[in-house]
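Right, one structure below, let's go through it.
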Amino acid sequence: MKNHAIFTDARAQTLASRLSIGFSPQEAWREAPAHFSDHTLVIDGHPVMEDWEDGYMRMLAQVAASGRGTVLEVGFGMGISAGYIQSAGVDRHIIIEANRDVYRKLEAFAAEHPSVTPLFGFWEEAASTLPSGSINGILFDTYPLTEADIHRNHFPFFKEAHRLLTPDGTLTYYSDEIDDYSTEHLEALTSAGFTRIGKSLCEVVPPEGCAYWTSRTLLAPVIQK
């Protein structure tokens with residue numbers, strides 16, 4: 001059973017952290033400098049990704065690549081999940097990235113992995129160029145770029161994912177959920193046409209002081225068309 005007090009506290013801390021940093025206009029994200037360290041990625045002051053997510057990224061990559069074929073990854077970040085998808089031996093790996101500095105890292109990654117097709121831009125523009133029913137697996141992991149996107153930046157993508165997936169294709173994503181789907185989350189999935197909604201739980205160990213996650217679990221969605 002979900003511990004609602006912990007759930008509420010963790011979500012509230014994530015919200016407060018992102019609001020305290022503030023958001024620039026969405027278009028500014030394209031050219032905002034990306035600062036990489038050995039353990040973190042920071043863009044426009046926001047902690048976009050940290051390497052404690054490695055085990056979670058591995059789990060999401062395994063879900064997305066479970067059908068092999070063509071995998072779409074939305075958001076390259078530190079390239080952690082991309083490496084795991086490549087290890088799965090997929091036929092084609094399409095990666096969309098909206099930040100130019102991160103995209104340069106993606107281009108270098110693609111130069112070393114012939115199955116990778118990099119696409120620059122926000123998913124709303126880049127994914128629309130892909131044919132319906134052409135993707136076997138999707139891993140969606142973008143950062144919220146507005147206050148309204150916090151905890152739900154993946155929701156608008158669900159309908160596009162349903163369009164892109166092959167029959168029996170699989171969708172997964174960074175869920176922003178501790179151990180179960182919220183009612184709003186389930187409604188977003190079902191309204192997009194998904195009815196086979198599964199999950200796995202991943203144990204994580206975010207460091208003390210992590211600005212965007214404090215729980216010791218993250219829900220890994222397993223959504224099948």
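- Residues satisfying the side chain to side chain donor-acceptor pair (under 3.5 Å) criterion with R216, sequence neighbours excluded, are absent altogether.
- Scored by the ring pair (Phe, Tyr, Trp, His ring centres under 6.0 Å) test, F155 finds F158, H185 as partners (sequence neighbours excluded).
- The OG1 atom of T172 lies 4.5 Å from the CG atom of L60; values are rounded to the nearest 0.5 Å.
- For the pair R30 and E125, the salt-bridge criterion is met [side-chain N within less than 4.0 Å of a carboxylate O].
- Residues forming a side chain to side chain donor-acceptor pair (under 3.5 Å) with T129 (at least two apart in sequence, or on another chain): none.
- Atom OG of residue S81 and atom CD of residue Q62 lie 12.0 Å apart, to the nearest 0.5 angstrom.
- Taking each heavy atom of N136 and G69 in turn, the nearest pair found is OD1-CA, 3.4 Å.
- The two residues Y181 and G198 come nearest to each other via the heavy atoms OH-O, 2.6 Å.
- To the nearest 0.5 angstrom, C202 atom SG is 13.0 Å from D179 atom CG.
- For E112, the side chain to side chain donor-acceptor pair (under 3.5 Å) test picks out no residue, with sequence neighbours left out.
- I21 and V102 fall into different hydrophobic clusters, where Ile, Leu, Val, Met, Phe, Trp and Tyr side chains are chained together by heavy-atom contacts under 4.5 Å.
- Between the CD atom in E73 and the CE atom in M57 there is a gap of 9.0 Å [rounded to 0.5 Å].
- Taking the charged nitrogens against the carboxylate oxygens, K105 and D101 have no contact shorter than 4.0 Å, which rules out a salt bridge.
- Taking all atoms of both residues into account, the shortest heavy-atom contact from I96 to G121 is CG2-O, 3.3 Å.
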Verdict with supporting geometry, W213 and D176, side chain to side chain contact (heavy atoms under 4.5 Å, CB included): CA-CA 9 Å; W213 199 254; D176 261 334; 3.9 Å; yes
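- Counting only residues at least two apart or in different chains, salt bridge (Lys or Arg N to Asp or Glu O under 4.0 Å) contacts with residues 135-149 are absent.
- By the rule that hydrophobic residues join a cluster once side-chain heavy atoms approach within less than 4.5 Å of another member, L189 and V63 end up as members of separate clusters.
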message: Working note: V48 + V42, criterion side chain to side chain contact (heavy atoms under 4.5 Å, CB included); need CA distance, chi angles, decisive distance, verdict.
response: CA-CA 5 Å; V48 173; V42 176; over 6 Å; no
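- Linking ILVMFWY residues whenever their side-chain heavy atoms come closer than 4.5 Å, directly or via other members, leaves M59 and I138 in distinct clusters.
- Considering only residues two or more places apart in sequence or on other chains, H46 meets the ring pair (Phe, Tyr, Trp, His ring centres under 6.0 Å) condition with F23, Y143.
- Between the side chains of T146 and Q26, not a single donor N or O lies within less than 3.5 Å of an accepting N or O.
- The pair R104-E107 does not count as a salt bridge, with every side-chain nitrogen at least 4.0 angstrom from each carboxylate oxygen.
- In this structure, the ring of F157 has its center no less than 6.0 angstrom from the ring center of Y173.
- Under a hydrophobic-cluster definition in which Ile, Leu, Val, Met, Phe, Trp and Tyr are linked whenever side-chain heavy atoms come within less than 4.5 Å, directly or via other members, F36 and Y212 are assigned to the same cluster.
- If you take CG on N153 and OG1 on T142, they are separated by 4.0 Å, rounding to the nearest 0.5 Å.
- Closest heavy-atom contact between D51 and H39: OD2-ND1, 2.6 Å.
- What you find for V71 and A65 is that their closest heavy atoms are CG2-CA, 4.0 Å.
- In this structure, F194 and L171 have side chains that are in contact, with non-hydrogen atoms separated by less than 4.5 Å.
- When the ring pair (Phe, Tyr, Trp, His ring centres under 6.0 Å) test is applied to H35, no partner is found at least two apart in sequence or on another chain.
- Sorted by first and then second residue, the pairs that involve residues 60-97 and meet ring-ring contact (aromatic ring centres under 6.0 Å, His included), not counting sequence neighbours, are F76-F109.
- Proximity of the aromatic rings of H154 and F140 is defined here by a centroid distance below 6.0 angstrom, and this criterion is not met.
- At a threshold of 4.5 Å between non-hydrogen side-chain atoms, the residues I94 and L119 count as touching.
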- prompt: How far apart are the C-alpha atoms of V74 and L139, what are their side-chain angles, what is the distance that settles it, and do they pass the side chain to side chain contact (heavy atoms under 4.5 Å, CB included) test?
  reply: CA-CA 6 Å; V74 185; L139 195 169; over 6 Å; no
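- A chain of hydrophobic side-chain contacts below 4.5 Å, direct or via other Ile, Leu, Val, Met, Phe, Trp or Tyr residues, connects I85 to Y103.
- For residues 199-209, the set of pairs meeting the side-chain hydrogen bond (donor to acceptor under 3.5 Å, both in side chains) definition, not counting sequence neighbours, comprises D180-K199.
- For N99 (side chain) and W29 (main-chain N/O), a donor-acceptor pair under 3.5 Å exists by modelled atom type.
- For K159, there are no salt bridge (Lys or Arg N to Asp or Glu O under 4.0 Å) partners at least two apart in sequence or on another chain.
- Pairs passing the side-chain hydrogen bond (donor to acceptor under 3.5 Å, both in side chains) check and including a residue from residues 187-196, sequence neighbours excluded, read D168-R196.
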Would you mind writing out the side-chain donor-acceptor pairs for residues 217-225 within the sub-3.5 Å range, not counting sequence neighbours?
from, atom 1, to, atom 2, distance (Å)
T217, OG1, I178, O, 3.1
K225, NZ, H162, O, 2.8
K225, NZ, L165, O, 2.9

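- Between the CH2 atom of W123 and the CG atom of L164 there is a distance of 9.5 Å, given to the nearest 0.5 Å.
- Using modelled atom types, one finds a donor on one side chain and an acceptor on the other under 3.5 Å when comparing R163 with S132.
- Residues M78 and L41 come closest through the heavy atom pair CG-CB, 3.8 Å.
- Checked by atom type and distance alone, the side chain of E177 pairs as donor or acceptor with a backbone atom of S182 at under 3.5 Å.
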